[in-house]
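Below, chain A is the first sequence line, B the second, and so on; all start at residue 1.
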Amino acid sequence: MKEAYFPQEIEKKWQKKWEEDGVFRTPEDSNKPKYYALSMFPYPSGKLHMGHVRNYTITDVIARFKKAQGYNVLHPMGWDSFGLPAENAAMKHGADPAKWTDENIAYMTKQLKMLGLSYDWDREVTTCKPDYYKWTQWLFLQLYKKGLAYKKEAAVNWCEECGTVLANEQVIDGKCWRCDHVVEKKYLSQWFLKITDYAEILLKDLDKLEGWGDNVKTMQANWIGKSQGAIFKFKVKEIPGLEVPVYTTRPDTVYGITYLVVAPEYKDIEKLTTPENKEAVEAYRANARKMTEIERLSTDRVKTGVPLGTHCINPFNGEEFPLWTADYALVEYGTGAVMAVPTHDTRDFDFAKKYNMPMKVVIQDPENPSDCSTEAYTEPGVLVNSEEFNGMKNEEAKKAITEKAVKEGFGEFKTQYRLRDWLISRQRYWGAPIPVVYCDKCGIQPVPEDQLPVMLPTDVDFSVVGKSPITTSKTFKDTVCPVCGGHAVRETDTMDTFMCSSWYYLRYSDAKNANKPFDRDLVNKWLPVDQYVGGIEHAILHLLYSRFFTKALRDLGLLDFDEPFKNLLTQGMVLKDGSKMSKSKGNTVDPDEIFENYGADTARLFILSDSPPARDFDWSDAGVEGCYKFLNRVWRLISTNAEFIDVNHCEIDPAVKLEKSNDDLVRIVHMAIKGITNDISNDFQFNTVISKYRELTNAIYDWRSAKKELNTEDKNVLSFAITTLIKLMSPVAVHLTEEAWHELGGKGSIHEQAWCEWDENLAKASSITLVVQVNGKVKDKIEVDEALSQDELKATALNSPRIKELTDGKTIVKTIVVPKKLVNIVVK
RNA sequence: GCCCUUGUGGCGGAAUCGGUAGACGCGUUGGACUUAAAAUCCAAUCGGGGCUCAACCUCGGUGCCAGUUCAAGUCUGGCCAAGGGCACCA
């Protein structure tokens, strides 16, 4: 065995060998229990960044650990390869998006292999290939047939920079999630998926996801935004037959209504406007149209509005009040109209103060009544000025008042969600074409399944501005109607790439199936994913869409489970100098350089070492250096002792009594096995796993430096210690341990060896340190035999000279004995 | 404003059940080896006080204030701060 550690040499050698031997292929005919470990697949942007390295290393270690524990592990990789960057590259450099994407995939595949990741490449999935997007299109058609995909004209989010519409989930603070450009509203006819049909179950099933963090679950719950309240219908005094329904979560405040607000885009607003007010209302509406989402939704902005001139009648008490339009009412939520109770709603209060609207208190804290002259009272209380409901607690009144409205026919209970339907049309080229045609006679027609895939045309001009390149194809648009055979035109919009990524994890179970997206038995066998690992940025987007897809496909009878990801680990960001690595900040670290200078094992070890996976990780050059030194230290330990070690003869007979120092080392090894196994099993605490590698290594060094000559027992113990260290480190330092395994006479690959077992009796020190406290403060530590009874421990503690001295002349009030650990003597 | 997460040395962080706070590492300081450097190895490293020094002793210390307990980083209540999510959603 070479004395010096040359990672570059051994890493290449083993990567090649593993590939030739198919070490990481997942057999279908195994009788072992299955385990599905999955990283969120990357967009092939060109090169791996450290976030990828962290993500994939975490999942890889999990996959290897589970495999060693006896599972048949599925650990696949693929490419989320449709999307705008490829198209932008085409526009800028004239490259073909398909070629650009292929080249990036080739380069990044090489990098993934250099990292030593244990993927089954036979199951690779690439979303931009026809053999994949055929099935994305097919799934769209199934959703369409089920009524879950529909086309409608709506106000949609438009990003001018990207030249396409966006889903609500892709608008972050009023800006495009990809390019940060401010999003505008446009009225367009677009394809939507009816995710709102699943709002309740998507919310409710979050409770089932015990293996997900609360942060992600809460983000999804907030996004779905369930609220319970009532709809009340208000007759319009001036227009018989016309009603304005409002949604409220505060039915208890109906006797306090003093005006009513409709959104500027409210459907009946023109009818509700009197001729005298028409000019002012039109001007107000025009102004509202011009505003961006950011301006419109800013809570700091002073509220504005104009009266419509008409009036509504409160069905509860016959009171009349004016109708206004104001842009703090949103047309997309509830009914687009709001009943205003300035005394008990802060927004209504602000508005009423500005326009001198009347106010009427209807809820009061009986102990400390407020007249609501300076601010709205929004706390619980008791009803006043509310006729037969006076004196009722407001929580009870919500129900009672709604019941009255239901009985008298002007209201109903209503559950409302903030979630909107998912807009999936994109006016871009590099995506899966939406498989529908528009016939002059028959209208919208789905493309028959036997005509899939609808292939992306290649005769397109990427230099066009203001429209999708796909529309420049001469071969794509014109087609025949599948029903009447007459002229029809194809849909030129493509699907949101999040459609492609909403089902890729299912495809891995049956990646090469040419007849269907996946076999039902195979998908039921492998799914749900046992451990999903990825960035928190997908807390809503990808993870919500995938949950929706799984539920919809379950309802379509394509699979039998209803949640795709049993356990979710959201890894923290990789930082450098305290801020996120980014090209613009110039603080990126190129994985290639790390591989070249230190090797992949150092990169893997370091990226797992300093922080628990869920927390942010601060990259430091000194830290990499430290890990490299540690691997060198391990290598030296092995190479300088290689002559004494035999991995095939390293069993220690527990019946044979070992010499003290040997017994101690064997115990340390067992403790390491136990500690490391538990740390990986409990939330993947790789940082403490690595601490334990170091502790074990240090312990073997200490043991070795205390021995001059090694006898047979010593050699056996050393073989046991080193073999165990190599096995324990094998999921992380995948190349170094494989090399050592072979150099020490191991057969096969170390990555096919079973995980180490520990002996509970040996996984603890032979004696224990008894901590003796007086009044809760540590005063003495005594080495004792662990077999001592509680009474003996107490006696030992009281006999200690130091304790005798401290308790002398004092009364012992109480003595607490914690078995094998501690005695606390309480004195007065 | 509402919700979630997190607060421990100079730094990253550790501490199954409430039971020795600071594992392991980074950094720093000192030393060994070397002509020198690198590499490697050894040692020290929370703060205040006591003792001429040291060993040692003692007090304080896990964001803040209370509480429960023989015992609190850990449990309870109330605050504060940072990060993230949602937000004129009626």
Side-chain angles (χ1 to χ4, degrees), chain A residues 4 172-173 213-227 229 246-250 253 261 263 296-303 326-330 332-341 344-348 350-351 378 416-420 536-537 539-540 570 572 578 606 609-612 614-618 620-627 629-630 632-633 636 675 678-679 682 685 687-698 701 705 769-781 813-827:
Chain A
I172 311 292
D173 292 333
D214 282 341
N215 52 346
V216 178
K217 286 195 273 189
T218 315
M219 279 160 76
Q220 291 213 357
N222 287 343
W223 188 258
I224 295 166
K226 180 179 182 174
S227 70
V246 301
Y247 172 72
T248 180
T249 54
R250 294 298 304 274
T253 63
V261 175
R296 173 77 186 264
L297 295 176
S298 164
T299 47
D300 311 328
R301 200 162 55 94
V302 176
K303 289 173 185 48
D327 57 20
Y328 79 91
L330 306 175
E332 315 96 271
Y333 187 75
T335 62
V338 183
M339 59 177 231
V341 184
H344 305 298
D345 181 280
T346 52
R347 296 152 304 185
D348 299 342
D350 293 345
F351 191 83
T378 56
Q416 186 71 41
Y417 300 91
R418 262 204 300 266
L419 184 69
R420 313 279 156 81
I536 186 77
E537 66 274 16
I540 294 170
T570 47
F606 177 54
S609 65
D610 267 358
S611 303
R615 279 207 225 171
D616 286 349
F617 178 89
D618 208 349
S620 74
D621 297 335
V624 186
E625 198 69 43
C627 286
K629 284 182 186 172
F630 172 63
N632 272 284
R633 194 167 142 80
R636 268 197 313 278
N678 288 343
D679 284 355
N682 302 333
Q685 293 180 57
N687 54 330
T688 57
V689 168
I690 287 160
S691 304
K692 283 166 182 143
Y693 292 161
R694 291 175 183 273
E695 284 177 54
L696 180 56
T697 306
N698 291 345
Y701 263 108
S705 64
T769 307
L770 180 71
V771 173
V772 187
Q773 297 181 331
V774 175
N775 288 347
K777 302 221 183 273
V778 179
K779 294 295 173 188
D780 203 3
K781 295 173 190 180
V813 184
K814 201 174 182 182
T815 309
I816 290 105
V817 181
V818 181
K820 297 179 189 180
K821 235 176 208 161
L822 172 144
V823 175
N824 186 13
I825 299 157
V826 185
V827 297

Quiz item: For B/A90, does either OP1 or OP2 sit under 4.0 Å from a side-chain N or O belonging to A/Ser227?
Solution: yes

Quiz item: Below 3.5 Å, does any donor atom in the side chain of A/Asn824 face an acceptor in the base of B/C70, or the other way round?
Solution: yes

Quiz item: For B/G67, does the O4'-C1'-N9-C4 (purine) or O4'-C1'-N1-C2 (pyrimidine) torsion place it in syn, i.e. within 90° of 0, or in anti?
Solution: anti

Self-check item: Nearest-nucleotide 5' precedence on RNA chain B, A/Gln773 against A/Asn678
Solution: A/Asn678

Self-check item: Closest to the A/Tyr328 side chain, choosing from B/C26, B/U40, B/C88
Solution: B/C88

Exercise. Examine the base of B/C70 for any acceptor or donor lying under 3.5 Å from a partner atom in the side chain of A/Lys814, and report the outcome as yes or no.
Key: no

Exercise. Taking only the side-chain heavy atoms of A/Ser611 (C-beta and beyond), determine which of B/G12, B/U40, B/G7 contains the nearest atom.
Key: B/G12

Quiz item: Strictly under 6.0 Å, is that where the ring centroids of A/Phe630 and A/Phe606 end up?
Solution: no

Exercise. Name the closest nucleotide to the A/Arg694 side chain, picking from B/A14, B/C3, B/C24.
Key: B/C24

Self-check item: Complementary nucleotide for B/A43 - Watson-Crick or wobble, under 3.5 Å
Solution: B/U29

Practice problem: Select from A/Lys777 and A/Arg420 the residue whose nearest nucleotide in RNA chain B is closer to the 5' end of that strand. | Solution: A/Lys777

Practice problem: Report the base-pairing partner of B/C24 (Watson-Crick or G-U wobble, both distances below 3.5 angstrom), or none. | Solution: B/G12

Quiz prompt | Base partner of B/U5, which must satisfy Watson-Crick or wobble distances under 3.5 Å | solution = B/A82

Practice problem: Look at the side-chain N and O atoms of A/Asn698 and state whether any lies under 4.0 Å from the OP1 or OP2 oxygen of B/A23. | Solution: no

Practice problem: Please tell me which of the listed nucleotides, B/U40, B/U6, B/C4, lies nearest to the side chain of A/Asp214? | Solution: B/C4

Exercise. Could you please name the option among B/U20, B/A90, B/G19 that lies closest to any side-chain atom of A/Val818?
Key: B/G19

Self-check item: A/Thr248 side chain, from C-beta outward: closest of B/A90, B/U20, B/U40
Solution: B/A90

Quiz item: What is the pairing partner of B/C53, taking Watson-Crick or G-U wobble pairs with both distances under 3.5 Å in any strand?
Solution: none

Exercise. Using atom CD1 of A/Ile172 as one end and atom P of B/G84 as the other, report the distance to the nearest whole Å.
Key: 13 Å

Quiz item: Is any side-chain N or O of A/Lys779 closer than 4.0 Å to OP1 or OP2 of B/U58?
Solution: yes

Practice problem: Report the nucleotide, chosen from B/A90, B/C88, B/U20, that has the shortest atom-to-atom distance to any side-chain atom of A/Tyr247. | Solution: B/A90

Self-check item: Pairing nucleotide - B/G61, Watson-Crick or G-U, each distance under 3.5 Å
Solution: none

Exercise. Could you please name the option among B/U6, B/C70, B/A23 that lies closest to any side-chain atom of A/Ile816?
Key: B/C70

Practice problem: Could you let me know what B/C75 is paired to, Watson-Crick or G-U wobble, both distances under 3.5 Å, or none if it's on its own? | Solution: B/G67

